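Below: the structure, in structure tokens.
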There are 2 protein chains.
Amino acid sequence: MATLSRKQREIRDRERLILDVARRLLLDKGYLGLSMDRIAAEIEYSKGTVYQHFRCKEDLLTALAIQTKLKRVELFERAVTFDGRPRERMTAIGAADEIFARRYPDYIATEEVLYVQSIACKASESNQEAMQAVDGRCVAAVCGTIKGGIEAGDLEIPPPRQASEIAFGIWGMTFGSRIVGKTPTCMDQLGITDATTSLRRMQQAYLDGWNWRPLSHEWDYDSTRDRILGEVFADERAAITV
Amino acid sequence: MATLSRKQREIRDRERLILDVARRLLLDKGYLGLSMDRIAAEIEYSKGTVYQHFRCKEDLLTALAIQTKLKRVELFERAVTFDGRPRERMTAIGAADEIFARRYPDYIATEEVLYVQSIACKASESNQEAMQAVDGRCVAAVCGTIKGGIEAGDLEIPPPRQASEIAFGIWGMTFGSRIVGKTPTCMDQLGITDATTSLRRMQQAYLDGWNWRPLSHEWDYDSTRDRILGEVFADERAAITV
DNA sequence: CCAATTTTTGACCAACCGTCAAAAAATAAT
DNA sequence: ATTATTTTTTGACGGTTGGTCAAAAATTGG
């Protein structure tokens, strides 16, 4: 049966409600401010009901992360449809990630907590697998683009280097810069005001370092970016040009 | 008076003991397993006494981070004494950080927690300032080396780029890769087995990307690294070649 | 030896996560 | 419509946090 019973619909809606409330709390009050009691109070159900949806707090957080990672991977998979040279598609992924970071600021809060504490391992099997699957799609999009660059002859990866090493670098750099960039003291020390723009330049420098052609001084990636925002992310453009 | 009273010495020793126990607990059981009660039990003093040393858990964590960041900055400041071209000194800083990460694995646990949760802001003013001061020395070592490269004519930073942007990239990349590299699922997805070596190559690629001469294909930075380990970090060599 | 001061203590509080028998609601059977 | 059965919801409860503070213990000074 494709249609759900009234009860099933109720449960599904309530799960959405829980996740919505949890995300807001996480963003507002941080990881420590996110309590199961508070969620229960806000949704006006008892705590036991919340625990019927998620076996523990970590499971809830993982579900939250999956929900938002899905948003990201959708943007990534849209990005790689960009019609251009592989490195332009890589730039498109960068733009996708920037849109993602702006549109879902709560994501950073979710993901970083998940990385740091050993949270994922407490989540239910199914949620762990689901999260891995989403991450896998993300990796596939990035690594696929890198391999596209190799196949097009724009990039060489002499052993023992691997295509995934480039991806690892981009991933680490992006994730790390976002966390470091959030701490004001660090930014004061460095004197950096616009972490987003800096990250963009850093990523291009990194790809130049792997000698991924066309290099940034041979090609106008700023206008590529404009095209990307116009052609692939027209609907999201507002989010990024604020 | 330079000499401390017996009592003062006792207090100082106890503080060290608390930090030692706390570090061990943090490494063993993670952030959530680190409890003030447990610390009190382990040092065989009451909880109140622990709170006489640190006004709250965050203050203790910050003190822990300072202690270890000091170890790191010492290595950094030794690294920049390496006699060679600026980019070689940059490589020396990379080696210093690698030694640091291996010798003080608990540091990662401390620092990442400090970055992620809004912990630092709850610490005492004095500890906050102390931590900023240590970070400042760290930034100074890195940015100083970058500026050395510019002065030597090995590197140009056309505006609006800044010297600190390179540092920001290295920082974010190093920090981020270490966190991502710790999660086994991510590494499985990427198929990366030796994150440390990958990070090393990533850093060199990044510096190549900024066109910091001599580029990695023009110079044998592996043997530079050997010289660094022999000349500057001879005593720490064992830690890194295990 | 006793009084003044400092240090240490652990009972105590509020908030947290997670459990589970009992209550309430929904469904099925008569 | 009424009763029996199943499902869902509840919130009191246990155990563990971080943090406080009056009272007890130890130290110091006279």
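Please read all numbers here as calculations on a predicted model, not as lab measurements. Each chain gets a letter, A, B and so on, in the order the sequences are listed, and its residues count up from 1.
Between the CG atom of B:Leu17 and the P atom of C:dT8 there is a distance of 13 Å, given to the nearest Å. Between A:Asp59 atom CG and C:dC17 atom C1' there is a gap of 14 Å when expressed in whole angstrom units. At whole-Å resolution of the value, CD1 in B:Ile18 and P in C:dT8 are 10 Å apart. The interatomic distance linking A:Ile43 (CD1) with D:dT8 (C1') rounds to 14 Å, in whole Å. Going from atom CD of B:Glu15 over to atom P of C:dT8 covers 12 Å, rounded to whole Å. Rounded to an integer number of Å, the gap from CD1 of B:Ile39 to P of C:dT8 is 17 Å. To the nearest angstrom, C1' of C:dC16 lies 14 Å from CG of A:Leu25. Taking atom CD of B:Glu10 as the reference point, atom C1' of D:dA26 lies 11 Å away to the nearest angstrom.
Both tests pass for A:Arg14 against the ring of A:Tyr45: distance under 6.0 Å to the centre and angle within 45° of the axis.
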Generate the contact string for nucleotides 15-22 of chain D. Rules: B means base contact, S means sugar-phosphate contact only, - means no protein heavy atom under 4.0 Å.
--SBBB--
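Looking at B:Phe175 and A:Ile179, their side chains come closer than 4.5 Å, going by heavy atoms from C-beta outward. Taking the side chain as every heavy atom from C-beta outward, B:Leu25 and B:Glu42 approach each other to under 4.5 Å.
Evaluation of the ring-ring contact (aromatic ring centres under 6.0 Å, His included) rule for A:Phe233 yields no partner, not counting sequence neighbours. In terms of the side-chain contact (heavy atoms from CB on, under 4.5 Å) criterion, residue partners of B:Met131 (sequence neighbours excluded) are, by chain and number, B:Thr62, B:Ala65, B:Ile66, B:Lys69, B:Leu114, B:Ala120, B:Asp135.
A salt bridge is absent between B:Arg178 and B:Glu112; no separation between the charged side-chain nitrogens and carboxylate oxygens falls under 4.0 Å.
Distances shown here put every side-chain N or O of B:Thr49 at or beyond 4.0 Å from the OP1 or OP2 atom of C:dT7.
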